[in-house]
There are 2 protein chains.
Amino acid sequence: MTEARKPGFSDCNNATLRRAARSLGRFYDDALASSGLKGTQFGLLFQIHVSNEPAMSTVADALIMDLSALGHTLKPLIRDGYVETFPDTNDRRIKRLRLTPQGQAKLDEALKLWSVAQRQFEGKVGAEQAAKLRAALDAVADLDLEMPTAAPSP
Amino acid sequence: MTEARKPGFSDCNNATLRRAARSLGRFYDDALASSGLKGTQFGLLFQIHVSNEPAMSTVADALIMDLSALGHTLKPLIRDGYVETFPDTNDRRIKRLRLTPQGQAKLDEALKLWSVAQRQFEGKVGAEQAAKLRAALDAVADLDLEMPTAAPSP
DNA sequence: TTTAATTAGTGGCATATGCCACTTTCGCCG
DNA sequence: CGGCGAAAGTGGCATATGCCACTAATTAAA
């Protein structure tokens with residue numbers, strides 16, 4: 001036996017990941033609080049900002065997020081006038097996204113707050129280490145995980 | 001020139017972590033689907049299982065979760081008869097938690113499904129690597145992060 | 001011991017996410 | 001061309017999480 005495992009911390013990769021996400025999420029949320037944005041909203045605005053008037057499905061894909069979940073998450077941002085949608089000229093199914101001027105301004109404001117949190121975090125764990133962790137997380141996120149369900153392809 | 005670069009989306013530790021959590025969460029959720037439990041519920045049942053009739057605040061603490069959030073998350077599990085509460089004999093403020101026999105059975109059932117997912121995951125990234133990642137995540141979760149902008153304590 | 005400060009939970013409100021059932025469009029055939 | 005299956009979104013339902021305001025019970029002060 002290795003050691004007396006502390007009774008409470010499971011080996012579950014998922015549980016560990018969620019726990020860390022809750023912890024870090026609160027930190028970033030606190031940092032962004034004065035802007036009125038949550039960490040997720042900031043991330044979403046940023047993703048739209050760096051994309052080229054992306055379709056909703058494109059953003060959902062990039063963030064590995066359910067399309068309907070994206071739709072829901074987008075609502076408060078549209079309601080508050082930070083994001084607007086407009087139809088694709090070629091495919092009427094597609095709704096493209098872009099930041100409004102206010103959205104752009106809000107993002108700029110939030111970026112300042114974000115960078116403080118980011119520096120704070122990297123100061124604690126080290127920029128190197130943080131980069132490595134992000135790389136590992138991206139690798140995990142992009143894994144092609146599939147449960148060995150019955151009947152793969154007949 | 002330290003500037004002139006837009007912080008790539010992937011530079012945000014929080015966004016990267018959430019993205020990975022969404023991805024992995026879906027995988028574990030899929031694996032547990034037939035049990036009717038979500039990954040978070042499984043984790044919560046497990047935490048209660050390995051603890052000794054813990055108080056709600058103890059569980060919330062272990063999972064780095066807001067106490068009220070725990071209360072909400074607990075509701076469906078109590079409603080479905082997997083968890084029950086009972087008052088602490090010494091401190092009437094405290095509500096302790098335990099699994100019901102059905103909860104225990106459901107956990108046993110879910111553990112089988114979970115281990116398949118867990119093996120699947122570790123088969124992809126390697127058990128060593130997975131353990132390292134969990135350690136890194138636990139370290140991040142337990143960091144004492146605080147924004148320096150907080151009011152100076154007199 | 002009466003009171004102030006703290007701790008444990010609850011309930012309400014708001015966002016975050018997912019799945020499923022539908023609807024509208026497209027693109028691809030036969 | 002007409003129909004069919006895939007793709008993009010929407011809306012509803014349910015869980016996941018947090019914060020805030022409030023209540024009840026304890027403990028530390030005065």
Side-chain angles (χ1 to χ4, degrees), chain A residues 14-15 17-34 36-45 54-61 63-80 82 85-97, chain B residues 14-15 17-34 36-45 54-61 63-80 82 85-97:
Chain A
N14 185 48
L17 191 47
R18 292 192 76 95
R19 179 166 173 273
R22 281 191 295 270
S23 180
L24 199 60
R26 278 214 246 186
F27 174 63
Y28 276 83
D29 278 358
D30 278 357
L32 291 168
S34 76
L37 294 177
K38 310 295 228 48
T40 44
Q41 301 181 317
F42 165 75
L44 184 45
L45 288 188
M56 284 180 58
S57 63
T58 302
V59 174
D61 218 44
L63 300 183
I64 311 186
M65 174 180 282
D66 185 272
L67 178 58
S68 76
L70 173 63
H72 301 150
T73 305
L74 228 32
K75 262 172 200 166
L77 295 173
I78 292 176
R79 177 201 60 198
D80 295 339
Y82 299 147
T85 65
F86 62 99
D88 183 278
T89 42
N90 297 315
D91 190 331
R92 266 172 298 180
R93 289 172 302 180
I94 296 178
K95 249 168 119 178
R96 292 185 175 281
L97 303 172
Chain B
N14 185 47
L17 191 47
R18 291 191 77 93
R19 181 165 171 273
R22 281 191 295 269
S23 181
L24 199 61
R26 277 214 246 183
F27 175 62
Y28 276 83
D29 278 357
D30 278 357
L32 292 168
S34 76
L37 294 177
K38 310 295 229 47
T40 45
Q41 301 181 318
F42 165 75
L44 184 45
L45 289 188
M56 284 180 59
S57 63
T58 303
V59 174
D61 218 45
L63 300 183
I64 311 185
M65 174 182 282
D66 185 273
L67 178 58
S68 75
L70 173 63
H72 300 150
T73 304
L74 228 33
K75 261 172 200 168
L77 294 173
I78 292 175
R79 177 201 61 200
D80 295 339
Y82 298 146
T85 66
F86 62 98
D88 183 278
T89 43
N90 297 315
D91 191 330
R92 269 172 296 180
R93 289 171 303 179
I94 296 179
K95 247 168 124 179
R96 291 185 176 282
L97 303 173

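Everything quoted here is computed from the prediction, not taken from an experiment. Each chain gets a letter, A, B and so on, in the order its sequence line appears, and its residues count up from 1. Below, each value reflects all heavy atoms present in this structure, side chains not excepted, and no hydrogens, waters or symmetry copies.
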Non-neighbouring partners of A:Ala69 that pass side-chain contact (heavy atoms from CB on, under 4.5 Å), sequence neighbours left out: A:Met65, A:Asp66
query: Base, sugar-phosphate, or nothing: which does B:Asn90 touch, judged by heavy atoms less than 4.0 Å apart?
result: sugar-phosphate
- prompt: Under 4.0 angstrom, heavy atoms only, what part of the nucleic acid is A:Thr40 near: base, sugar-phosphate, or nothing?
  reply: sugar-phosphate
- prompt: Which is true for A:Asp88 with a 4.0 Å heavy-atom rule: it touches a base, it touches only sugar-phosphate, or it touches nothing?
  reply: nothing
- request: With sequence neighbours left out, write down each residue that passes side-chain contact (heavy atoms from CB on, under 4.5 Å) with B:Thr85, or none if nothing qualifies.
  value: B:Ile78, B:Lys95, B:Leu97
- prompt: Could you give the distance from NZ (A:Lys75) to OG1 (A:Thr73), rounded to the nearest 0.5 Å?
  reply: 10.0 Å
query: To the nearest 10 degrees, how far apart in direction are the end axes of the helix from C:dT1-D:dA30 to C:dG30-D:dC1, each fit to five base pairs?
result: 10°
- request: Go through the structure and list residues passing side-chain contact (heavy atoms from CB on, under 4.5 Å) with B:Asp80, not counting sequence neighbours.
  value: B:Tyr82
- line: Closest non-hydrogen atoms of A:Ile64 and B:Ser23, given as atom of the first, atom of the second and distance, are CG2-CB, 3.9 Å
- line: When rounded to the nearest 0.5 Å, the distance separating OG of A:Ser57 from CD1 of A:Ile94 is 6.0 Å
message: Reading DNA chain D from 5' to 3', where do the contacts with chain B start and stop? Cut-off is 4.0 Å to heavy atoms.
response: D:dT15 to D:dT26
Heavy-atom closest pair, residues A:Gly39 and A:Leu32: CA-CD1, 3.6 Å
message: Students often get this wrong, so: under 4.0 angstrom with heavy atoms, is A:Leu37 touching a base, only sugar-phosphate, or nothing?
response: nothing
- prompt: Who passes salt bridge (charged side-chain N to carboxylate O under 4.0 Å, His left out) against B:Arg93, sequence neighbours left out?
  reply: B:Asp91
query: Which parts of residues 70-80 of chain B get close to DNA chain C, meaning a heavy atom less than 4.0 angstrom away?
result: B:His72, B:Lys75
query: Of all residues at least two apart in sequence or in a different chain, which pass the side-chain contact (heavy atoms from CB on, under 4.5 Å) check with B:Pro76?
result: B:Gln41, B:Arg79
- line: Sorted by chain and number, sequence neighbours left out, salt bridge (charged side-chain N to carboxylate O under 4.0 Å, His left out) with B:Asp88 holds for B:Arg96
Gap between atom CZ of A:Arg18 and atom CZ of B:Arg22 - 0.5 Å precision: 10.5 Å
message: To the nearest 0.5 Å, what is the distance between NZ on B:Lys38 and CG on B:Leu77?
response: 11.0 Å
- line: Nucleotide by nucleotide, nucleotides 1-9 of chain C touches protein heavy atoms under 4.0 Å in the pattern (B base, S sugar-phosphate only, - none) ------BSB
- prompt: Which heavy-atom pair separates B:Leu67 from B:Ala60 by the least distance, and what is that distance?
  reply: CA-CB, 4.0 Å
